[in-house]
Amino acid sequence: MSYPPAFGALSEKVTSPPRLMDEVRARLRLKHYSVRTERAYLGWIRRFILATGKRHPRTLGGEEVEAFLSTLAVQGQVAASTQNQALSALLFLYKEVLGINLPWMEGVVRAKRPQRVPTVLSRDEAQRLLAQLDGRAWLLASLLYGTGMRLMECLRLRVKDIDFARNEVTVRNGKGGKDRRTVLPRSLAEPLKREVERARLLHQEDLLLGYGSVWLPFALARKYPNAAREWGWQYAFPAAQRSFDPRDGSERRHHVDDAVLSRALKRARLCAGIEKPVSAHTLRHSFATHMIEAGYDIRTVQELLGHKDVATTQIYTHVLNRGAGGVVSPLDR
């Protein structure tokens, strides 16, 4: 019995084995990895395949992985964090996708991890930098310096996680998948309310046009079908234009791109005459340092930053347990 061509083509498509990259992507999403991590891991796996003559990773093993990582350190002279990311990507490929446990690779030439102190702005430099910013860039930079949030934690802030009555911000699914609370500077309450109101008007416009759904983490979209359109779940800093979600192709309004603030900080640093390199993370470092200088206990600063171990926070000071009391943002001092 012969089938019509359309049916035969469909049958062949269904039964054909999935491509390796599609398997990796599906596994990453099943494990709830972020889109950024997904792109980074896929990029390293592609580089590994190309470096080994386009051979399938299943036919390779620890020896080839060792050689690839050593080449990154010796010839590529990559940073230790870059080499570790490549290693994590390949370990994920073999363990989670191919089901192969690689032997411990003792022969890998490790890139040296330098012991660097963080770049910290003085109080005067921080004020001069902020004075060169305006609009949304000023508000984002002020939040980073005034709360100690990481850049993506700030950009991914949802409306429901801003508590103006308690002057608190709840950071959801931060580094390590942890939630925490940090202080909301009183001086930023009114500007942030105006920004949230702007986001609300944009959300209402999207709803009228048949859009208005936002991406929800994990399986919340299935568990609460209407939550994606609710106001509380919307981003506090929405993008100017809607875009297509790479996860499922849906047209949604994502949060503002991090490059917007990066470019603004670069211009502001030059205009303020600051010679130090300045990034969004510099503002987080400055928050921690100025909090400790003001006498706050290092454990308090650890909780506000979301550090797992107090040893990470100790990079900002060698003095422990310097005072206590209520938390006031350095932006308000």
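Here the structure is a predicted model, which means the values were calculated and not measured. All heavy atoms count here, side chains included; hydrogens, waters and symmetry mates do not.
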- Please indicate whether Lys95 has more than 12 foreign heavy atoms, meaning atoms of other residues, nucleotides or ligands, lying under 6.0 Å from its NZ. no
- Decide if atom CZ of Arg29 counts as having more than 12 heavy atoms of other residues, nucleotides or ligands within a radius under 6.0 Å. yes
- Task: Apply the test salt bridge (charged side-chain N to carboxylate O under 4.0 Å, His left out) to residues Arg186 and Asp332: give CA-CA distance (whole Å), side-chain angles for both, the deciding distance (0.1 Å), then the verdict.
- Result: CA-CA 7 Å; Arg186 295 179 185 274; Asp332 296 334; 5.6 Å; no
- Report the residues that fulfil ring pair (Phe, Tyr, Trp, His ring centres under 6.0 Å) with His285, sequence neighbours left out, ordered by chain and then residue number. His281, Tyr316
- Query: Transitive ILVMFWY cluster of Leu270 at side-chain heavy atoms under 4.5 Å: who else is in it?
  - Reply: none
- Task: Answer yes when Glu195 and Arg198 have at least one side-chain N-carboxylate O distance shorter than 4.0 Å, and no when they do not.
- Result: yes
- Test ring pair (Phe, Tyr, Trp, His ring centres under 6.0 Å) applied to Phe237 - qualifying residues, sequence neighbours left out: none
- Item | Validation row: Met149, Arg156 side chains within 4.5 angstrom (heavy atoms) | no
- Message: Quick check: do Leu42 and Val24 have side-chain heavy atoms less than 4.5 Å from each other?
- Response: yes
- Salt bridge flag under 4.0 Å for residues Arg180 and Glu153: yes
- Counting heavy atoms not belonging to Lys178, are there more than 12 under 6.0 Å from its NZ? yes
- Assess whether atom CZ of Phe164 is packed by more than 12 heavy atoms of other residues, nucleotides or ligands within 6.0 Å. yes
- Side-chain heavy atoms of Leu151 within contact of Leu140, under 4.5 Å: no
- Query: Hey, is CZ on Arg172 packed in by over 12 heavy atoms from elsewhere, all under 6.0 Å?
  - Reply: yes
- Tell me, please, which residues at least two apart from Phe287 pass ring pair (Phe, Tyr, Trp, His ring centres under 6.0 Å). none
- Item | Salt-bridge contact Glu197-Arg194 (side-chain N to carboxylate O under 4.0 Å) | no
- Within 45° of the six-membered ring axis of Tyr235 and under 6.0 Å from that ring's centre, is NZ or CZ of Arg158 located there? yes
- Tyr145 to Leu130 - nearest heavy-atom pair and separation: CD2-CD1, 4.2 Å
- Test applied, ring pair (Phe, Tyr, Trp, His ring centres under 6.0 Å); reference residue, Phe92; option that passes from Trp44, Tyr33, Phe48: Tyr33
- Task: Apply ring pair (Phe, Tyr, Trp, His ring centres under 6.0 Å) to Tyr94 and list each qualifying residue two or more places apart in sequence or on a separate chain.
- Result: none
- Of all residues at least two apart in sequence or in a different chain, which pass the side chain to side chain donor-acceptor pair (under 3.5 Å) check with Ser142? Trp138
- Query: What do the steps show when you test Arg128 against Glu125 for salt bridge (charged side-chain N to carboxylate O under 4.0 Å, His left out), and what is the final call?
  - Reply: CA-CA 5 Å; Arg128 282 160 46 202; Glu125 287 172 333; 5.0 Å; no
- Query: Going by heavy atoms in the side chains, are Gln234 and Arg200 under 4.5 Å from each other?
  - Reply: no
